[in-house]
Asks: 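Questions regarding the structure given below will be posed in turn.
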Amino acid sequence: MGTALIYDEEMTKYKLLWVDPACKIEVPERLTVSHEALVATGLADRCVSIPVREATEADILLVHSEEYLEGVKKTPYMTLEDLQEFTLQYGDVYFHPNIYHCAKLAIGASLQLVDAVMTGKVRNGMALVRPPGHHSMRSAASGFCVFNNVAIAAQYAKRQYGVKRVLIVDWDIHHGQGVQYCFEDDPSVLYFSWHRYEHQKFWPQLRESDFDSVGKEKGAGFNINVPWNKVKMQNSDYLSIFFHVLLPVAYEFSPDLVLVCAGFDSAIGDPEGEMCATPDIFAHLTHLLMNLAGGKVCAVLEGGYNLTSLPQSVCQTVQTLLGDPAPRPANLESPCKSALESLQCVRSAHRQYWSCLKHAADLPTSDISTKRIKLEEEGEKTGEGEEDKGTDEKVWAQPPKRVAPSIRTAVVLPDGVACPDQCERFSSPGDPDPLVVSKLRENYLKDGDDGNALTTLYSLTALADKMDRNEICSGLVLVRDVSMAMMCVVQHAATALSNRVLVVCVGDGKVRSDCSEDGKTLVVQFSSKESDDQRSKYYIPVCLQKGCSDVPGLLHSISGLLLPLGYEYDPGLVLLVQMPDSGICDSVWQQLIGLLQGLARGHTLVLMREDERTRVGPTASSLLGNAAPSLGQLHAPLPEDVKAVESLRHRLKSDWKLLQTTAPETG
Ligand SMILES: CC(O)(O)CCCCCNCCCN
Ligand SMILES: [Zn+2]
């Protein structure tokens with residue numbers, strides 16, 4: 001299934017008609033440069049183009065009051081003075097004779113996107129709209145927003161399609177207070193937002209934008225605010241929040257639909273955000289959401305005011321929705337102290353609501369709420385000046401080209417096992433290299449192994465070479481002896497491949513842990529047995545009480561341990577090994593494959609025992625980029641498993657910075 005792109009140039013036909021420093025950044029060019037970039041890169045042509053429609057009054061009244069709608073309805077007929085007068089009642093927003101029309105199209109675009117995804121016409125999609133929506137409230141415009149596009153889309157999805165649970169991810173750099181107010185007592189809509197806050201100094205300067213606003217009454221726990229109290233946040237800060245807050249909670253919530261308030265003022269160069277995250281981070285943020293809700297992800301444009309990083313970020317997002325591998329998350333640094341403080345505060349504020357956070361640490365000693373009070377006393381609580389901050393011009397590298405290899409998934413299967421459609425059977429090219437063969441024979445073959453064990457091994461190394469050269473994206477090989485094949489690939493990688501290899505072992509079994517302490521491989525093994533292997537930075541055994549059959553435990557350690565490790569390690573190849581009798585169920589196995597494909601430009605090589613024939617189809621489906629089936633609502637991971645992950649993180653966080661979930665003790 002494809003990716004929808006919804007855009008209409010009519011939404012460029014309104015602008016600021018008077019002088020207002022607060023609003024001058026919201027210009028029609030935001031939309032034109034974004035759409036033009038999608039066209040110029042060829043991405044628009046790969047999408048399913050779906051027309052906008054005008055929202056009906058009923059659509060608007062899903063969120064807004066009649067009196068507010070009646071007021072806005074009059075704006076097309078207002079004089080300039082009346083428009084300015086009408087605008088004065090709201091904050092940081094402007095009206096225009098055509099903005100009501102455009103606001104109805106922005107809602108209509110969002111609802112068309114929901115229709116296309118919910119009816120299965122497409123898998124996911126993006127709506128390029130203006131005016132944005134997430135600040136507008138039931139009876140008020142705010143922050144360039146007239147109607148709340150995404151809030152209306154959520155209510156519409158619930159009413160029209162009986163959607164039970166909607167996750168709204170708001171990665172815009174401003175707090176979507178309008179969304180928060182709309183759903184704060186509603187447990188069927190989980191609203192997640194990060195936003196520049198600076199201890200309430202940054203617009204909209206609301207006390208309720210802080211981490212302790214967790215929702216109300218039945219909605220308690222279903223509103224997650226992550227305040228950024230400093231600027232210059234980087235990719236690692238954003239990813240840490242996804243790994244240690246959003247993903248664990250999102251999997252526990254198990255939404256039927258994911259809506260994204262896709263604002264790109266959180267990207268580098270933006271005058272509002274003043275952050276340092278690069279446009280390619282949105283490839284990863286998008287990718288990490290794409291195995292939720294069976295892949296039903298609707299991204300709706302919110303903010304984004306730098307006319308260079310905005311289109312770049314839009315393209316990164318759409319290219320990922322289309323299924324292209326994400327660029328490698330190169331050289332991630334440690335999250336900064338302020339981000340870790342926020343991370344710790346959010347996790348402790350929500351630990352009573354989400355079992356995955358149960359063992360989160362307390363509020364940091366340097367409790368940041370006292371900082372807010374101190375700033376208030378010092379009268380520091382001033383809106384950031386409307387005057388033009390001399391933003392020192394930021395420069396950043398063009399996002400890397402993301403060329404998808406011609407072959408997406410190659411397979412090496414025993415005779416009699418059908419090749420899954422859209423996959424290609426792989427056989428080693430040309431005559432086997434006698435040197436490699438003799439090495440394989442002496443190292444890996446047991447006497448009695450027949451010829452085709454050797455052929456399989458040879459194909460395996462040849463396939464790894466092709467992936468290393470980006471000629472094939474992913475691979476699936478069924479082998480007789482999984483451990484031996486794993487050693488063969490690791491050995492081959494150590495000598496022949498240019499890149500680091502992340503080895504993920506699912507299930508019990510001896511993994512020779514003396515494999516390189518040189519960092520060429522990082523082995524993470526999920527099993528039910530405490531491993532007696534000496535602990536090292538590059539061999540990380542994760543012991544789960546009930547082994548890999550325990551969905552919540554495995555998911556918790558994937559999002560809280562494996563992903564941070566994998567992103568920080570940034571391998572060129574991921575070797576995913578399913579040990580015999582691992583007990584892992586297909587749906588978790590598919591989630592794991594899907595999530596790991598955010599690494600190594602999607603170069604995931606899967607090894608399974610040759611009798612796992614029933615798993616060939618689901619495995620191939622995930623390697624092809626199809627969304628994994630939803631796991632359903634997760635019950636709590638075992639306390640022992642949560643504690644085991646916490647203690648592993650605590651032990652390893654000095655080596656692996658993305659494992660940190662608390663601010664360093666102020667000493
Ligand atoms: C969709 C959105 O969240 O990007 C809207 C942001 C509104 C910002 C209002 N203050 C602007 C102050 C200008 N220096
Ligand atoms: Zn914004």
Side-chain angles (χ1 to χ4, degrees), residues 11 14-16 18-31 34 87 90-95 99 102-103 106-107 109-110 127-137 140-153 168-182 191-198 200-206 209 225-228 231 233 238 259-275 277 282 285 299-307 309-310 313-314 317 382-391:
M11 287 182 278
Y14 78 89
K15 64 182 181 180
L16 180 58
W18 51 80
V19 174
D20 177 352
C23 295
K24 67 174 193 259
I25 52 174
E26 206 297 306
V27 294
E29 290 72 19
R30 297 178 53 236
L31 227 42
S34 300
T87 296
Y90 305 117
D92 286 31
V93 63
Y94 65 87
F95 280 83
I99 198 168
C102 295
I107 300 167
S110 309
L128 283 182
V129 303
R130 73 186 271 274
H134 70 154
H135 297 301
S136 64
M137 293 156 271
S142 168
F144 315 150
C145 304
V146 176
F147 297 128
N148 203 314
N149 308 318
V150 169
I152 293 169
I168 299 176
V169 177
D170 189 336
W171 67 47
D172 185 288
I173 207 60
H174 297 93
H175 179 222
Q177 83 277 31
V179 184
Q180 171 166 312
Y181 299 151
C182 183
Y191 178 56
F192 167 93
S193 170
W194 63 38
H195 33 270
R196 182 176 174 181
Y197 190 57
E198 291 174 307
Q200 204 175 331
K201 264 179 42 195
F202 187 72
W203 191 90
Q205 299 174 291
L206 298 170
S209 302
N225 284 336
V226 180
W228 297 122
V231 292
M233 291 298 168
Y238 288 5
L259 303 181
V260 183
C261 288
F264 298 104
D265 40 18
S266 37
I268 190 167
D270 191 277
E272 280 294 296
E274 296 189 79
M275 298 297 172
F282 295 102
L285 302 186
V300 179
L301 181 68
E302 292 281 357
Y305 307 97
N306 178 300
L307 300 184
S309 59
L310 169 61
S313 304
V314 166
T317 303
T382 53
E384 21 76 69
E386 302 304 2
E387 78 294 332
D388 236 346
K389 297 177 287 303
T391 39

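Note that ligands are numbered from 1 as they come in the structure, with each ligand's atoms numbered from 1 the same way. A quick note: this is a predicted structure, and the numbers were derived from the prediction, not measured.
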Asks: With atoms numbered from 1 as shown, which atoms in ligand 1 lie under 4.0 angstrom from a non-hydrogen atom of Tyr305?
Replies: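 Counting atoms of ligand 1 from 1, those under 4.0 Å from Tyr305 are 1 (C), 2 (C), 4 (O), 5 (C), 6 (C).
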
Asks: Do the ring centers of Trp194 and Tyr238 come within less than 6.0 Å of each other?
Replies: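 Distance test on ring centres: under 6.0 Å, yes.
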
Asks: Is the contact between Asp265 and ligand 1 made by the side chain, the backbone, both, or neither, using heavy atoms and a 4.0 Å cut-off?
Replies: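 Asp265 to ligand 1: side-chain contact only, backbone stays beyond 4.0 Å.
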
Asks: Would you check if the Zn ion (ligand 2) lies under 2.8 Å from any N, O or S atom of Asp172?
Replies: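 True for Asp172.
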
Asks: Leu16 and Tyr94: which non-hydrogen atoms are nearest, and at how many Å?
Replies: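 Closest approach of Leu16 to Tyr94, heavy atoms only: N-CE1, 3.4 Å.
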
Asks: Can you give me the closest heavy-atom contact between Leu307 and Arg30, atom names plus distance?
Replies: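 Looking at all heavy atoms of both residues, the closest pair is CD2-CA, 3.9 Å.
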
Asks: Do any N/O/S atoms of His174 come under 2.8 Å of the Zn ion (ligand 2)?
Replies: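 For His174, the answer is yes, given that an N, O or S atom comes within less than 2.8 Å of the Zn ion (ligand 2).
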
Asks: His174 and ring pair (Phe, Tyr, Trp, His ring centres under 6.0 Å): which single residue from Trp228, Phe264, Phe144, Phe202 fits?
Replies: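 That would be Phe202; it is the only one of Trp228, Phe264, Phe144, Phe202 passing the ring pair (Phe, Tyr, Trp, His ring centres under 6.0 Å) with His174.
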
Asks: So which atom in Val231 and which in Glu274 form the shortest heavy-atom distance, rounded to 0.1 Å?
Replies: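 Between these two residues, the closest heavy atoms are CB-O, 3.3 Å.
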
Asks: So is Glu272 polar-close to ligand 1, meaning N/O to N/O under 3.5 Å?
Replies: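 For ligand 1, there is an N or O atom that lies under 3.5 Å from one belonging to Glu272.
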
Asks: May I ask you to check whether Asp92 has an N/O atom sitting below 3.5 Å from an N/O atom of ligand 1?
Replies: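 Yes; the residue has a nitrogen or oxygen that sits under 3.5 Å from a nitrogen or oxygen of the ligand.
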
Asks: Run the side-chain contact (heavy atoms from CB on, under 4.5 Å) check on Asn225 and Tyr197 step by step: do they pass?
Replies: CA-CA 10 Å; Asn225 284 336; Tyr197 190 57; over 6 Å; no

Asks: Could you see which bit of His135 sits under 4.0 Å from ligand 1, with heavy atoms only: side chain, backbone, both or neither?
Replies: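 The answer is the side chain of His135.
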
Asks: Under the side-chain contact (heavy atoms from CB on, under 4.5 Å) test against Leu259, which residue among Val150, Asp170, Val300 passes?
Replies: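 Answer after filtering Val150, Asp170, Val300: Val150.
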
Asks: For the Zn ion (ligand 2), give me the closest N/O/S atom belonging to Asp265, just the atom name.
Replies: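 Looking only at N, O and S atoms of Asp265, the one nearest the Zn ion (ligand 2) is named OD2.
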
Asks: Please confirm whether Ala22 comes under 4.0 Å of ligand 1, counting heavy atoms of the residue only.
Replies: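 Yes, that is the case, since the closest heavy atom of the residue is under 4.0 Å from the ligand.
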
Asks: Show which atoms of ligand 1 fall inside a sub-4.0 Å distance from at least one heavy-atom site of Gly303.
Replies: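 Counting atoms of ligand 1 from 1, those under 4.0 Å from Gly303 are 1 (C), 4 (O).
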
Asks: Quick check against the 3.5 Å criterion: does Glu302 have a side-chain atom that pairs as donor or acceptor with the backbone of Ala262?
Replies: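 Here the side-chain-to-backbone pair does not exist.
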
Asks: Near Pro132, which atoms of ligand 1 are under 4.0 Å from a heavy atom of that residue?
Replies: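 In order of number, 1 (C).
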
Asks: Show me which atoms of ligand 1 lie under 4.0 Å from any heavy atom of His134.
Replies: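 Heavy-atom distances to His134 below 4.0 Å select 1 (C), 2 (C), 3 (O).
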
